[in-house]
Amino acid sequence: GKLGKAAGQARDAADKAKKAADVWDAFNVTEAEEVDLGQQVSDKLRARYGVVQDKAVHKYVTLVGTMITQASSRPGLKWKFIVLDTDGVNAYAAPGGFVHITRGALSLLSNEAELAGVLGHEVAHVTERHTVNAIKKSKGVELTAEMSRSQVLSAVADKSYEILFEGMYNRGDELDADAKGAAFANAAGYAPGLGAFL
């Protein structure tokens, strides 16, 4: 009868959910894949906002950022620092070492230590793999066992981009990034204080 059919459908749905969960549990991103993901997300951000065409600004941000990354838990990543051409006040960390800060955010910083604090926070999102973990936790991408690895990565890249805009990091991730980011900045010789404005 109807009940048997409903039970069967529920069982099918549960099987499908379990298969998807298994795919997620097995989804451990290699560092090369993480960089590839970050590149895809960074390309989308750059296409959306454009990049500030001032070499001196990029050099300065990269210099401060590099000091932070060398004091971080993943100094070996090929970190990239990009200044986005928008008045919006924001910073975005894409997986694999792509850290973006907006022209608008830079204009509000009053000193190098504040910049170090903001960059430290974003670097920590990368070192702790918060983006990939947030996607895993939320099961935010519909994965199936039939998907190829590149299809999975492409879906994860789209979701990573969305997470940056929807601020989907949970409070724990934000507090973790605050604490670790401040520690990285302090280890690099800055005293940004806690509670950066981003």
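Keep in mind that what you see is a predicted model, and the values were worked out from it rather than measured.
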Nearest-0.5 Å distance that lies between atom CD in Glu112 and atom OH in Tyr60
3.5 Å

Side chain Asn186, main chain Ala182, donor-acceptor under 3.5 Å:
yes

Going by the rule salt bridge (Lys or Arg N to Asp or Glu O under 4.0 Å), which residues pair with Asp158 if we only count those two or more places apart in sequence or in a different chain?
Lys44

Hey, is the main chain of Ser150 close enough, under 3.5 Å, to the side chain of Ser154 for a donor-acceptor pair?
no

What do the steps show when you test Glu162 against Lys159 for salt bridge (Lys or Arg N to Asp or Glu O under 4.0 Å), and what is the final call?
CA-CA 5 Å; Glu162 229 174 88; Lys159 192 66 186 176; 3.0 Å; yes

Ser160 and Val156: CA distance, side-chain angles, deciding distance, side chain to side chain contact (heavy atoms under 4.5 Å, CB included) verdict:
CA-CA 6 Å; Ser160 300; Val156 170; 4.0 Å; yes

Heavy atoms, side chains only, cut-off 4.5 Å: are Val99 and Val61 in contact?
no

Hey, is the main chain of Thr69 close enough, under 3.5 Å, to the side chain of Ser72 for a donor-acceptor pair?
yes

Can Tyr190 and Val64 be said to form a side chain to side chain contact (heavy atoms under 4.5 Å, CB included), step by step?
CA-CA 10 Å; Tyr190 293 102; Val64 175; 3.9 Å; yes

With a 4.5 Å limit on heavy-atom distance, are the side chains of His58 and Asp54 in contact?
no

Does any N or O in the side chain of Thr102 come within less than 3.5 Å of the main-chain N or O of Gly88, such that one atom is a donor and the other an acceptor?
yes

If we only count heavy atoms from C-beta on, is the Ile101 to Leu84 side-chain gap below 4.5 Å?
no

Does Phe98 reach the side chain of Val126, with side-chain heavy atoms less than 4.5 Å apart?
no

Whether the side chain of Glu114 engages the backbone of Ser110 through a donor-acceptor N/O pair (distance < 3.5 Å, no angle test) should be reported.
yes

Does any non-hydrogen side-chain atom of Val51 lie less than 4.5 Å from one of Asp85?
no

Answer with yes or no whether the hydrophobic clustering places Val57 together with Leu45; edges join I, L, V, M, F, W, Y residues whose side-chain heavy atoms lie under 4.5 Å apart.
yes

For Glu34 against Gly96, the heavy-atom pair lying closest together
OE2-N, 3.4 Å

So do the side chains of Val35 and Lys78 get within less than 4.5 Å of each other, counting heavy atoms only?
no

Roughly how far, to the nearest 0.5 Å, is the OG1 atom of Thr30 from the CD atom of Glu33?
3.5 Å

Arg74 backbone acceptor or donor facing Trp79 side chain under 3.5 Å
yes

For the pair Asn133 (side chain) and Glu128 (backbone), establish whether a donor and an acceptor sit closer than 3.5 Å, ignoring hydrogens and angles.
yes

Is the backbone N or O of Gln39 less than 3.5 Å from a side-chain atom of Ser42, with the two atoms forming a donor-acceptor pair by type?
no

With clusters defined by side-chain heavy atoms of hydrophobic residues (ILVMFWY) lying less than 4.5 Å apart, directly or transitively, does Leu63 cluster with Leu119?
no

Pairing residues for Tyr92 by the ring pair (Phe, Tyr, Trp, His ring centres under 6.0 Å) criterion, not counting sequence neighbours:
Phe165

Side chain Glu122, main chain Ala93, donor-acceptor under 3.5 Å:
yes

To the nearest 0.5 Å, tell me how far Gln70 CD sits from Thr66 OG1.
7.0 Å

Check whether Arg129 reaches the backbone of Val29 with its side chain - one donor and one acceptor, N or O, closer than 3.5 Å.
yes

Distance col, row Met147:CE vs Leu153:CG, nearest 0.5 angstrom, shows 9.5 Å

Can you name the nearest heavy-atom pair linking Ala71 to Ala188, along with the distance?
CB-N, 3.9 Å

4.5 Å side-chain heavy-atom contact, Val132 and Leu37:
yes

Classify the angle between the aromatic ring planes of His125 and His121 as parallel (below 30°), tilted (30 to 60°) or perpendicular (above 60°).
perpendicular

Any heavy-atom pair between the side chains of Leu77 and Glu31 that's under 4.5 Å?
yes

